[in-house]
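Keep in mind it's a predicted model, so treat the numbers as computed, not measured. Whatever order the structure lists ligands and atoms in, that order sets their numbers, starting from 1.
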Amino acid sequence: MKHTPPLIAPSLLAADFGRLNDEIMMVNRSEADSFHVDVMDGSFVPNFSIGTPIIQAIKKQALKPLDIHLMILDPERYIDHFVQIGADWLTVHIEATVDLHKTVTHIKNLGVKAGVSLNPETPETRLTEILPEADVILVMSVHPGFGAQSFIPETFEKIRTLNRIRQARNLDFLIEVDGGVNLQNARALVDAGADVLVAGNTIFSSPDPEETIHLLKSGH
Ligand code: DX5
Ligand code: ZN
């Protein structure tokens with residue numbers, strides 16, 4: 001069982017956009033490791049979220065890397081764009097791109113960490129070929145599109161399986177979990193093999209977001 005602290009990626013989808021600057025400053029001050037930015041196209045998922053002008057505004061103030069999660073169809077069309085506006089990590093969905101290998105290679109060639117995400121109903125066996133290429137595997141623990149949903153418990157088994165495969169094949173991708181992460185399940189997720197915890201509502205709806213980040217980080 002691992003006991004290294006996880007990386008914490010607050011999901012700005014749950015931030016108060018009326019006081020976005022304060023929210024960014026809070027993350028900058030906190031023990032968080034990055035900013036998780038959800039991009040939705042209304043097609044791959046039934047919602048819209050954060051787009052170019054907001055990402056540019058975030059990038060100006062952020063003192064930590066931007067972890068951009070593309071929930072869009074044919075993401076290969078926009079890889080250069082998101083790198084240009086400040087992605088440090090860029091994640092695409094395996095269900096949304098035709099040539100995953102080409103897309104991942106393109107992201108890496110631009111000097112950015114390449115992530116591959118899979119929806120709750122997508123089996124991890126679909127990742128077999130891409131695991132050696134990917135820097136990050138983002139495991140969705142809710143159906144993508146909305147914040148504040150309940151964690152899907154089957155995600156634990158998926159994370160454990162990916163962790164086992166990682167050890168057996170001697171690979172070094174990070175396992176990131178996104179959706180419904182809270183103070184009750186964080187520790188168990190890290191024990192199962194998760195390296196990066198994305199959390200939206202748990203952080204931004206809490207009375208003391210900075211302290212909540214600390215608690216997620218320290219495994220309380
Ligand atoms: C959902 C997004 C998540 C979301 C997580 O489609 O990918 O990043 O913001 O929100 P919480 O932590 O509130 O479930
Ligand atoms: Zn996300």
(request) Could you list the atoms of ligand 1 found under 4.0 angstrom from a heavy atom of Pro144? (result) 6 (O)
(message) How far is atom 10 (O) of ligand 1 from the closest protein heavy atom, and which atom is that?
(response) Gly147 CA, 3.7 Å
(request) Could you pull out the closest heavy-atom pair between Leu138 and Asp178, with the gap in Å? (result) CD2-CB, 3.5 Å
(request) List the closest protein heavy-atom neighbour of atom 3 (C) of ligand 1: residue, atom name, distance to the nearest 0.1 Å. (result) Asp178 OD1, 2.9 Å
(message) Between Lys102 and Asp99, does any NZ, NE, NH1 or NH2 come within less than 4.0 Å of an OD or OE carboxylate oxygen?
(response) no
(request) Would you list the protein N, O or S atoms within less than 2.8 Å of the Zn ion (ligand 2), leaving out water? (result) His36 NE2, Asp38 OD1, His69 ND1, Asp178 OD2
(request) Find all atoms of ligand 1 within a distance of less than 4.0 Å from any non-hydrogen atom belonging to Leu13, and give their numbers and elements. (result) 9 (O)
(message) Polar contacts were defined as any N/O atom of the residue lying under 3.5 Å from an N/O atom of the ligand; does this apply to Asp38 and ligand 1?
(response) yes
(message) What protein heavy atom lies closest to atom 12 (O) of ligand 1? Include the residue and the distance to one decimal.
(response) Gly200 N, 2.8 Å
(message) Checking Thr122 against Glu95: is there a side-chain donor and acceptor pair closer than 3.5 Å?
(response) yes
(request) Flag Met140 as yes when one of its N or O atoms lies below 3.5 Å from any N or O atom of ligand 1, and as no otherwise. (result) no
(request) Consider only side-chain N and O atoms of Asp80 and His106, and report whether a donor and an acceptor are under 3.5 Å apart. (result) yes
(request) Go through ligand 1 atom by atom and flag the ones less than 4.0 Å from a non-hydrogen atom of Ala199. (result) 12 (O)
(request) Write out the residue and atom name of the closest protein heavy atom to atom 1 (C) of ligand 1, then the distance separating them to 0.1 Å. (result) Phe146 O, 3.5 Å
(request) Go through ligand 1 atom by atom and flag the ones less than 4.0 Å from a non-hydrogen atom of His36. (result) 8 (O)
(request) State whether the number of non-hydrogen atoms from other residues, nucleotides or ligands found under 6.0 Å of Glu129 atom CD is greater than 12. (result) no
(message) Looking only at side-chain N and O atoms, does Arg160 offer a donor or acceptor that is under 3.5 Å from a partner on Asn163?
(response) no
(request) Return the option from Ser150, Ser205, Gly145 holding the heavy atom at the smallest distance from atom 6 (O) of ligand 1. (result) Gly145
(request) Could you list which atoms of ligand 1 come closer than 4.0 Å to a heavy atom of Met71? (result) 6 (O), 7 (O)
(message) Quick check on contacts: which atoms of ligand 1 are under 4.0 angstrom from a heavy atom of Gly179?
(response) 14 (O)
(request) Could you find the nearest protein heavy atom to atom 9 (O) of ligand 1 and give me its residue, atom name and distance? (result) Ser11 OG, 2.8 Å
(message) I'd like to know if Lys158 pairs up with Glu154 as an ion pair, taking the criterion as any Lys NZ or Arg NE/NH1/NH2 lying under 4.0 Å from an Asp or Glu carboxylate oxygen.
(response) no
(request) Just do the side-chain hydrogen bond (donor to acceptor under 3.5 Å, both in side chains) check on Thr91 and His69 with the steps written out, would you? (result) CA-CA 5 Å; Thr91 293; His69 176 193; over 6 Å; no
(request) Say whether Ala14 and ligand 1 are in contact under the criterion: heavy-atom distance to a ligand atom below 4.0 Å. (result) no
(message) Is there a polar contact between ligand 1 and Gly180, counting only N or O atoms under 3.5 Å apart?
(response) yes
(request) Below 4.0 angstrom from a heavy atom of Ala148, which ligand 1 atoms are there? Numbered from 1 as shown, please. (result) 11 (P), 13 (O), 14 (O)
(message) Are Val198 and Leu216 linked, directly or through intermediate hydrophobic residues, by side-chain heavy-atom contacts shorter than 4.5 Å (ILVMFWY only)?
(response) no
(request) Report yes or no: do Val139 and Phe151 belong to one cluster of Ile/Leu/Val/Met/Phe/Trp/Tyr joined by side chain heavy-atom distances under 4.5 Å? (result) yes
(message) Distance under 4.0 Å to a non-hydrogen atom of His69: what atoms of ligand 1 satisfy this?
(response) 7 (O)
(message) Between Lys217 and Asp33, does any side-chain N to carboxylate O distance fall below 4.0 Å?
(response) yes
(request) Salt-bridge test for Asp41 and Arg77: reply yes if a basic N is under 4.0 Å from a carboxylate O, no otherwise. (result) no
(message) Whether Arg164 and Glu124 form a salt bridge (side-chain N of Lys/Arg under 4.0 Å from carboxylate O of Asp/Glu) is what I want to check.
(response) no
(message) Checking His81 against Thr52 for the side-chain hydrogen bond (donor to acceptor under 3.5 Å, both in side chains) test, could you report, in this order, the C-alpha distance in whole Å, the side-chain angles of both residues, the deciding distance, and whether it holds?
(response) CA-CA 9 Å; His81 173 72; Thr52 300; 2.9 Å; yes
(message) For a quick check under 3.5 Å, do Ser30 and Glu210 share a side-chain donor-acceptor pair by atom type?
(response) no
(request) Mind checking whether Asn201 contacts ligand 1 via backbone (N, CA, C, O), side chain (CB onward), both or neither, at a 4.0 Å heavy-atom cut-off? (result) both
